[in-house]
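Have a look at the structure below before the remarks.
Note that ligands are numbered from 1 as they come in the structure, with each ligand's atoms numbered from 1 the same way. These figures come from a predicted structure and were not determined experimentally.
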Amino acid sequence: MPDSTASLRIILGDQLDLQTAALRGAKPGRDVIWMCECHAEATAVWSHKARIVLFLSAMRHFAAQLEQKGFEVIYHRMEDSAPGDSFASRLVEDLNRKSPEWVVLTWPGEYRVLTELEQACKESEVSVDLREDNHFLVSHAQFDEWAAGRKLLRLEDFYRRLRKQTGILMTADGEPEGGRWNLDADNRKPFPASGPKDVPAHKGAKLDAITAEVIQLVREQFPDHPGSVDDFDWPVTRRQALATLKKFVKERLAGFGPHQDAMWTGQPFLYHSLVSSSLNLKLLRPMEVIEAAVEAYRSGDAPLQSVEGFVRQVLGWREYVRGIYWLKMPDYADLNVLGAQQPLPDFYWTGETDMHCLAQTIGDTLQYGYAHHIQRLMITGLYSLLLGVRPEEIHRWYLAVYVDAIEWVELPNTLGMSQFADGGMLASKPYCASGNYIKRMSNYCKSCRFDPSKRTGEDACPFTTLYWDFLDRHQERLASNQRMRMQLNNLKRIDAGELEKIRAQAIKIRKG
Ligand code: FAD
Ligand code: SF4
């Protein structure tokens with residue numbers, strides 16, 4: 001687009017940074033900003049109330065900031081949006097009314113949104129300047145170049161390459177800091193029986209008038225949506241997000257590594273950073289998050305195992321899943337390699353189940369719009385995998401219930417990492433485990449009526465029954481996977497009579 005042309009700059013709800021690519025070169029008085037809250041986006045999946053509040057409040061704060069800078073902002077509010085309104089239909093109306101020559105857009109976070117916006121511009125015969133999202137460290141072209149010709153797209157290779165390229169946690173002679181690339185072995189510890197000690201108290205962002213107004217709006221317009229907004233305190237401005245990051249680095253980062261995978265009743269946040277929603281809405285930039293953690297290591301405030309563990313998530317996993325999403329979409333969303341066909345159990349929307357681990361995780365999710373990674377992967381995700389829930393259904397659940405859920409990050413994590421629906425494009429083996437894993441990594445089983453060591457009988461843990469049933473059902477497919485060998489060998493040790501009982505009990509569980 002020529003520099004001097006007047007344009008319409010689209011800002012989506014997850015592009016809320018003055019440095020977003022769509023605002024590059026924008027001039028108040030010449031370029032117009034376009035933002036839209038709309039019903040169809042809030043209901044595309046059955047969104048948690050807190051997720052809707054987060055997006056709307058953060059958008060309204062950002063629009064006010066743009067207006068303070070002198071921009072004209074065309075802003076469509078939810079109050080004026082009728083059910084069925086999509087932002088594409090709103091955009092077409094405004095393009096026809098304003099007739100800009102160009103629309104400028106930062107690459108969206110969802111394939112469907114990109115397609116709809118491109119179609120709307122085509123319909124209105126407006127040229128589109130689609131810009132690379134500068135809130136990722138790896139561009140589409142760089143990821144595609146890395147992936148080209150590789151049989152396996154493994155996180156570990158990608159992550160090491162990025163460490164080398166960026167010099168993050170590297171020594172002057174090109175070696176990984178501390179001599180190892182991966183400190184996971186030091187980082188998978190459960191808590192002692194007495195539980196986590198001195199977990200810093202959680203203190204989120206303060207509500208202001210804009211957020212309070214949006215909470216009221218969501219309560220009125222989306223009363224039957226899942227979840228609560230009673231405890232809403234997620235950052236909705238860059239200033240609040242920076243404060244959350246600072247607090248994490250000061251109070252929690254040091255403890256992040258060792259107990260990264262541990263879970264504990266009544267402790268939803270533990271040592272986690274709570275920055276995902278801010279990163280995904282672009283209130284924070286990934287490099288500043290990484291640098292803050294590395295600085296804590298350099299100044300001796302946090303050990304390497306915690307800092308490397310954290311950097312691996314943001315520099316490695318976050319960039320990697322985004323690359324996979326855009327490389328494999330749109331076909332990726334339809335994958336169901338394990339042929340899973342069960343409906344999602346109703347209790348995923350209420351938390352009402354006797355299985356204490358699921359009740360806790362879903363309870364946290366409904367209360368805060370948050371559960372930490374291992375709760376997502378090894379409680380709700382694991383149960384869905386073992387039960388054999390249709391990937392499409394569990395994907396829509398994850399996209400609905402977390403405040404940080406945007407499809408580019410949610411879908412590969414759900415379909416690939418957690419459900420193995422892509423047959424191993426992303427994970428080298430299914431994350432399948434029995435109730436014994438949950439017993440080891442949490443105190444959930446202590447307050448549960450089931451026994452994680454039992455696979456059949458009245459008090460058998462459903463995870464344990466379904467785990468053996470999962471191995472049994474998929475043993476042929478998994479037999480060629482070296483990393484599954486030990487688990488499949490253990491399956492072979494179960495005698496035929498016991499296996500029949502496991503199968504029968506699994507059928508009973510599936511029937512609810
Ligand atoms: P921390 O545990 O403190 O980790 C630090 C940061 O690393 C996170 O904020 C996040 O930006 C990044 N990160 C960590 N793990 C991953 C990962 N696997 N993929 C991408 N980035 C990662 N994350 C989302 O941001 N949105 C989602 O919709 C989402 N859906 C998920 C669904 C499933 C089934 C699973 C298993 C994981 C999902 N994750 C998702 C990844 C991860 O669980 C969350 O990023 C993390 O729990 C957010 O909490 P936190 O900010 O306290 O993260
Ligand atoms: Fe979960 Fe099974 Fe433990 Fe109960 S016994 S908390 S269902 S793993």
Side-chain angles (χ1 to χ4, degrees), residues 14 51 109 155 234 244-245 248 252-253 256-257 260-261 263 265 268-281 284 286 289-290 293 306 309-322 324-325 353-361 368-385 391 394-395 397-419 426-427 431 433-455 459-467:
D14 61 345
R51 181 170 180 254
L155 174 273
W234 293 102
T244 301
L245 172 63
F248 163 67
R252 290 169 193 255
L253 174 60
F256 177 83
Q260 212 175 323
D261 288 4
M263 299 168 278
T265 300
F269 308 122
L270 290 165
Y271 298 97
H272 292 271
S273 65
L274 313 182
V275 296
S276 52
S277 62
S278 301
L279 273 167
N280 296 351
L281 266 63
L284 291 175
V289 171
I290 293 167
S306 288
F310 183 75
V311 166
R312 169 179 293 268
Q313 310 307 319
V314 183
L315 179 70
W317 279 107
R318 189 168 182 275
E319 297 288 331
Y320 169 76
V321 298
R322 194 240 184 185
I324 296 276
Y325 178 81
T353 166
D354 291 1
M355 290 177 272
H356 182 62
C357 52
L358 278 160
Q360 268 292 310
T361 301
Y368 304 107
Y370 179 86
H372 70 70
H373 184 67
I374 293 302
Q375 290 179 300
R376 297 186 204 194
L377 183 64
M378 298 308 286
I379 305 288
T380 42
L382 174 62
Y383 193 72
S384 161
L385 170 76
I394 187 72
H395 149 56
W397 183 78
Y398 276 108
L399 192 55
V401 297
Y402 291 112
V403 288
D404 54 29
I406 300 177
E407 201 179 80
W408 65 264
V409 53
E410 176 277 326
L411 188 69
N413 269 297
T414 303
L415 246 77
M417 189 189 298
S418 134
Q419 302 300 296
L426 196 138
Y431 281 89
S434 73
N436 287 323
Y437 170 86
I438 296 170
K439 182 182 171 201
R440 192 168 67 250
M441 296 309 296
S442 74
N443 69 341
Y444 292 153
C445 303
K446 280 195 175 148
S447 346
C448 187
R449 81 170 180 84
F450 299 109
D451 180 343
S453 65
K454 291 199 180 157
R455 51 195 177 206
D459 60 345
C461 166
F463 280 84
T464 304
T465 311
L466 291 170
Y467 166 70

Contact table, ligand 1 N/O with protein N/O, distance under 3.5 Å:
{"from": "ligand 1", "atom 1": "2 (O)", "to": "H272", "atom 2": "ND1", "distance (Å)": "2.8"}
{"from": "ligand 1", "atom 1": "3 (O)", "to": "S273", "atom 2": "N", "distance (Å)": "2.8"}
{"from": "ligand 1", "atom 1": "3 (O)", "to": "S273", "atom 2": "OG", "distance (Å)": "2.6"}
{"from": "ligand 1", "atom 1": "9 (O)", "to": "S276", "atom 2": "N", "distance (Å)": "3.2"}
{"from": "ligand 1", "atom 1": "15 (N)", "to": "Q313", "atom 2": "OE1", "distance (Å)": "3.3"}
{"from": "ligand 1", "atom 1": "18 (N)", "to": "N413", "atom 2": "OD1", "distance (Å)": "2.9"}
{"from": "ligand 1", "atom 1": "19 (N)", "to": "N413", "atom 2": "ND2", "distance (Å)": "3.1"}
{"from": "ligand 1", "atom 1": "25 (O)", "to": "N280", "atom 2": "ND2", "distance (Å)": "2.9"}
{"from": "ligand 1", "atom 1": "26 (N)", "to": "D404", "atom 2": "O", "distance (Å)": "3.0"}
{"from": "ligand 1", "atom 1": "26 (N)", "to": "D404", "atom 2": "OD1", "distance (Å)": "3.1"}
{"from": "ligand 1", "atom 1": "43 (O)", "to": "H373", "atom 2": "ND1", "distance (Å)": "2.9"}
{"from": "ligand 1", "atom 1": "47 (O)", "to": "H373", "atom 2": "N", "distance (Å)": "3.4"}
{"from": "ligand 1", "atom 1": "49 (O)", "to": "Y370", "atom 2": "OH", "distance (Å)": "3.4"}
{"from": "ligand 1", "atom 1": "51 (O)", "to": "S273", "atom 2": "OG", "distance (Å)": "3.4"}
{"from": "ligand 1", "atom 1": "51 (O)", "to": "L274", "atom 2": "N", "distance (Å)": "3.4"}
{"from": "ligand 1", "atom 1": "51 (O)", "to": "V275", "atom 2": "N", "distance (Å)": "3.1"}
{"from": "ligand 1", "atom 1": "51 (O)", "to": "S276", "atom 2": "N", "distance (Å)": "3.0"}
{"from": "ligand 1", "atom 1": "51 (O)", "to": "S276", "atom 2": "OG", "distance (Å)": "3.3"}
{"from": "ligand 1", "atom 1": "52 (O)", "to": "S273", "atom 2": "N", "distance (Å)": "3.3"}
{"from": "ligand 1", "atom 1": "52 (O)", "to": "L274", "atom 2": "N", "distance (Å)": "2.8"}
{"from": "ligand 1", "atom 1": "52 (O)", "to": "Y370", "atom 2": "OH", "distance (Å)": "2.7"}

2.8 Å shell around atom 3 (Fe) of ligand 2, exclusive bound, protein N/O/S atoms:
1
With the threshold set at 4.0 Å, does a side-chain nitrogen-carboxylate oxygen contact exist between R376 and D404?
yes
Give a yes or no on whether the backbone of G435 and the side-chain of R440 come within a donor-acceptor separation of less than 3.5 Å.
no
Any side-chain donor-acceptor pair under 3.5 Å between T380 and Y398?
yes
Angle between ring planes, H372 versus H272, binned at 30° and 60°: parallel, tilted or perpendicular?
parallel
Are the ring centres of Y467 and Y437 closer than 6.0 Å?
no
Between the side chain of R252 and the main-chain N/O of L270, is any donor-acceptor distance below 3.5 Å?
yes
Validation row, ring centre W234 to ring centre Y368 under 6.0 Å
no
Answer yes if the side chains of Y325 and E407 hold a donor-acceptor pair under 3.5 Å, and no otherwise.
yes
Would you kindly say whether T414 and Q419 are connected by a side-chain donor-acceptor distance under 3.5 Å?
no
